[in-house]
Amino acid sequence: MNIYAMCVLAFLLLGSFSSPADVRAERIEDIAHVEGVTDNPLVGYGLVVGLPGTGDTKMTPFTRRTLESALSRLGVHTRDLDQKIRGHNIAAVVVTGRLIPFLRVGSRMSVHVASIGDATSLEGGTLLLAALKGPDGKVYATAQGPVNTDRAERVGFPKDKKEPLGGRRTTGGVSDGGLVVRGLPIVYNGRKHLWINLNHSSFTTASRIVRAINAHFQSRLAVASDAGTITVNIPATDQDNVVGFMAGVLNLRVTPDSEPLVVVNQQTGTIVISRDVSVLPCAVSQKDLTVQVGTGAPGKPSPGEPLRLVDRSVSLRQVVRALNLLGTRTPDLIAILEALKESGALKARIRVAG
């Protein structure tokens, strides 16, 4: 009996049949955002120091040059020390972060660091002061602090005895290590209109949002420019309190036209299923055994009829749960999902990540 038959048999034993969950109305704020209210990516370059011999080697020359420059700014003359810097307790890293809207000067943020040299581990290191710049080249934040390394993922055997026993830990984060030094001023009061951008473009969802806004205010304030943008005209009486007006707009509830989607991460085995994904009735045959779900009894498959339709459906979440109970590996699970989609039993888009 193959994995398909075992899967359907598990459904029979567990009795896990149900209809797909109904799509519920959601706040506009949860499916869209006001134009200009988005995260802004920041990036910088820095050094992680204090590593126990797991830093960059002489094969990464720019690390030493960066250290010389940093020491010079601190008043240390490094001209005579150029050939004597041999320490492997430093590592060059790229520092990244996201400037959340409405963060003011002095606010804290977490940052992420990743080695760009040949360091084997950043565990136990401390990030020296690094400047984080935005796409316009201006410095918006600085970062400094102890690095918390991510869990190492070993692939194969260590290349040499110098590699850490726990595997390479070349990425990590600095919790609340970022300090905002330049804010992004966003002024709303006095504006006559704003734009709402959908997180996922849809003509149906856009038209529903327009109808909800106009019905609530009993005026034609909103109009959809396209499948992803809605223009909202602000009444003259609310232009001095745009924040309160938009709070009322964004708290309105609409039913989004969601696309059935299944996301599978090959590396971690994580599966994310949207709540409206279901599997149409089907039966699977393997050699001389047929496992049939619904009415009817198990029996031998008819020639040329490996798949039979029955009168019940099942949620894809239950399919995956049953497969996990059977110990199905991620590659096999992906193959099963793709086979269900090709057969027409699964009405959803499958996205494989990782």
Say you draw a straight line from [atom1] of [X] to [atom2] of [Y]; how long is it, rounded to the nearest 0.5 Å?
X    : Y    : atom1 : atom2 : result
M246 : E29  : CE    : CD    : 9.5 Å
T63  : H88  : OG1   : NE2   : 11.5 Å
L47  : R64  : CG    : CZ    : 13.5 Å
N197 : T229 : CG    : OG1   : 4.5 Å
I213 : S219 : CD1   : OG    : 11.5 Å
R208 : I28  : CZ    : CD1   : 12.5 Å

Quick one: do L221 and V249 satisfy side-chain contact (heavy atoms from CB on, under 4.5 Å)? Show the steps, please. CA-CA 11 Å; L221 300 180; V249 170; over 6 Å; no
Which residues share a side-chain hydrogen bond (donor to acceptor under 3.5 Å, both in side chains) with T237, sequence neighbours left out: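 With sequence neighbours excluded, T237 shows a side-chain hydrogen bond (donor to acceptor under 3.5 Å, both in side chains) to no residue whatsoever.
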Near-ring test Y188/F245, centroid separation under 6.0 angstrom: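 Not under 6.0 Å, so no.
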Check for me, please, whether [X] and [Y] land in the same ILVMFWY cluster - side-chain distances under 4.5 Å, paths through other members count.
X    : Y    : answer
V352 : V262 : yes
L194 : L252 : yes
L250 : V232 : yes
I234 : V223 : no
V48  : Y45  : no

Are the side chain of [X] and the backbone of [Y] linked by a donor-acceptor contact shorter than 3.5 Å?
X   : Y    : result
D39 : I100 : no
D56 : D118 : yes
T54 : T120 : no
N89 : G50  : no

Does a side-chain heavy-atom distance below 4.5 Å link [X] with [Y]?
X    : Y    : answer
V93  : V147 : no
V242 : N189 : yes
L179 : R108 : yes
T171 : H112 : yes
V254 : I31  : yes
R169 : L122 : no

Residue pair [X] / [Y]: nearest heavy atoms and the distance that separates them:
X    : Y    : result
T170 : A119 : CG2-O, 3.4 Å
M109 : A141 : SD-CB, 4.1 Å
V43  : T96  : CG2-CG2, 4.1 Å
N214 : A222 : OD1-N, 2.9 Å
A91  : L51  : CB-CD1, 3.7 Å

Kindly list each side-chain donor-acceptor pair under 3.5 angstrom involving residues 123-140, sequence neighbours excluded, with atom names and distances?
unit_1	atom_1	unit_2	atom_2	d
D136	OD1	K138	N	3.1
D136	OD2	Y140	OH	2.5

Would you kindly say whether N251 and R27 are connected by a side-chain donor-acceptor distance under 3.5 Å? yes
Please determine whether the number of non-hydrogen atoms from other residues, nucleotides or ligands lying under 6.0 Å from atom CZ of F203 exceeds 12.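 No, the 6.0 Å shell around CZ holds no more than 12 heavy atoms from other groups.
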State which residue, out of L198, T255, I230, fulfils the side chain to side chain contact (heavy atoms under 4.5 Å, CB included) condition with T205.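 Per the side chain to side chain contact (heavy atoms under 4.5 Å, CB included) rule, the option paired with T205 is L198, out of L198, T255, I230.
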